[in-house]
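Residues take their numbers from the sequence shown, with the count starting at 1.
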Amino acid sequence: TTDRWTAVPMHDCCVNLPEIALSDTCLAMDTTVQGGSSQKLLYIRNSGCDTLVVDSFASSDPAFNVVPSSTMVPAYDSVFVTVSFSPSSLGNYSGTLTIFNNDIDTSICLTGYSVPTPAITINPLSYSVNLACGDSLSDTLLISNTGAPGSDLIYSIYGNEIYDSASQVNIKSRDQIINHIFHGFGS
């Protein structure tokens with residue numbers, strides 16, 4: 001007689017254990033203004049056969065925080081947590097995020113950079129113009145970044161039904177003169 005073996009597909013689990021896997025080994029946060037906040041998602045995958053229990057997260061630098069503070073990941077599933085960067089002073093930040101769980105406590109590196117807060121000054125504060133249909137007006141609007149040196153001011157100008165264009169401008173210098181044309185639609 002001949003022995004016959006049949007291959008039966010199955011998961012490679014002999015013992016029900018969780019197995020942690022992460023989407024990143026290091027999170028580089030977006031450049032963030034001092035006193036502001038930015039977020040990135042970190043995916044936690046459980047490649048094991050039992051529920052992965054994440055008891056807590058610990059950051060070596062208080063500028064980094066994680067929500068939620070704990071989570072559970074079913075077998076062969078994943079969840080995401082939000083890592084926030086909230087710098088209180090200017091400059092480079094680096095730290096370590098440790099994930100305490102029922103598999104192997106795991107750490108990733110965290111980096112961030114904080115820049116000064118911009119401040120906008122506009123002169124004049126408003127325009128009041130009556131234009132006939134087809135007329136236009138060109139005037140000067142002084143827009144200044146009076147914030148700390150090194151801050152970038154990004155702003156947009158949008159109008160209503162009598163202003164037929166919009167623009168976005170990035171001011172890196174201390175002062176910049178912007179000219180906009182306002183077209184009349186008549187009344």
Heavy-atom distance under 4.5 Å between the side chains of T32 and S114, does that happen here?
no
d(K40 NZ, T82 OG1) to nearest 0.5 Å is 13.0 Å
Between OG of S47 and CG of L17, what distance do you get to the nearest 0.5 Å?
12.5 Å
Contacts of S84 meeting side chain to side chain donor-acceptor pair (under 3.5 Å) (sequence neighbours excluded), chain-then-number -> none
Kindly say whether P87 contributes a backbone atom to a donor-acceptor pair with the side chain of S89 at under 3.5 angstrom?
no
How does the hydrophobic cluster around Y93 look, that is, which other residues are in it when side-chain heavy atoms under 4.5 Å mark a link?
I20, L22, L27, M29, L42, I44, L52, V54, F57, F64, V66, V73, V79, V81, V83, F85, L97, I99, I108, L110
Linking Ile, Leu, Val, Met, Phe, Trp and Tyr by side-chain heavy atoms under 4.5 Å, what else ends up with V53?
M72
Residues two or more places apart in sequence or in another chain: which of them pass side chain to side chain donor-acceptor pair (under 3.5 Å) with S86?
S37
I'd like to know if the side chain of N102 and the backbone of T51 have a donor-acceptor N/O pair within less than 3.5 Å.
yes
Heavy-atom side-chain contact between D55 and S70 under 4.5 Å:
no
For the residue pair S59 and D61, what are the closest heavy atoms and their distance?
OG-O, 2.7 Å
So CD of Q34 and CG of L90: to nearest 0.5 Å the spacing works out to 4.0 Å
Who else is in F80's hydrophobic cluster (ILVMFWY, side-chain heavy atoms under 4.5 Å, direct or via others)?
L41, Y43
Check S38 against D30 and note the closest heavy-atom contact, atom names and distance.
OG-O, 3.7 Å
Donor-acceptor check, side chain of S60 to backbone of T96, threshold 3.5 angstrom: yes or no?
yes
Members sharing V33's hydrophobic cluster, built from side-chain contacts under 4.5 Å between Ile, Leu, Val, Met, Phe, Trp and Tyr, are Y113, V115
Which atom pair, heavy atoms only, marks the closest approach of P18 to N46?
CA-OD1, 3.6 Å
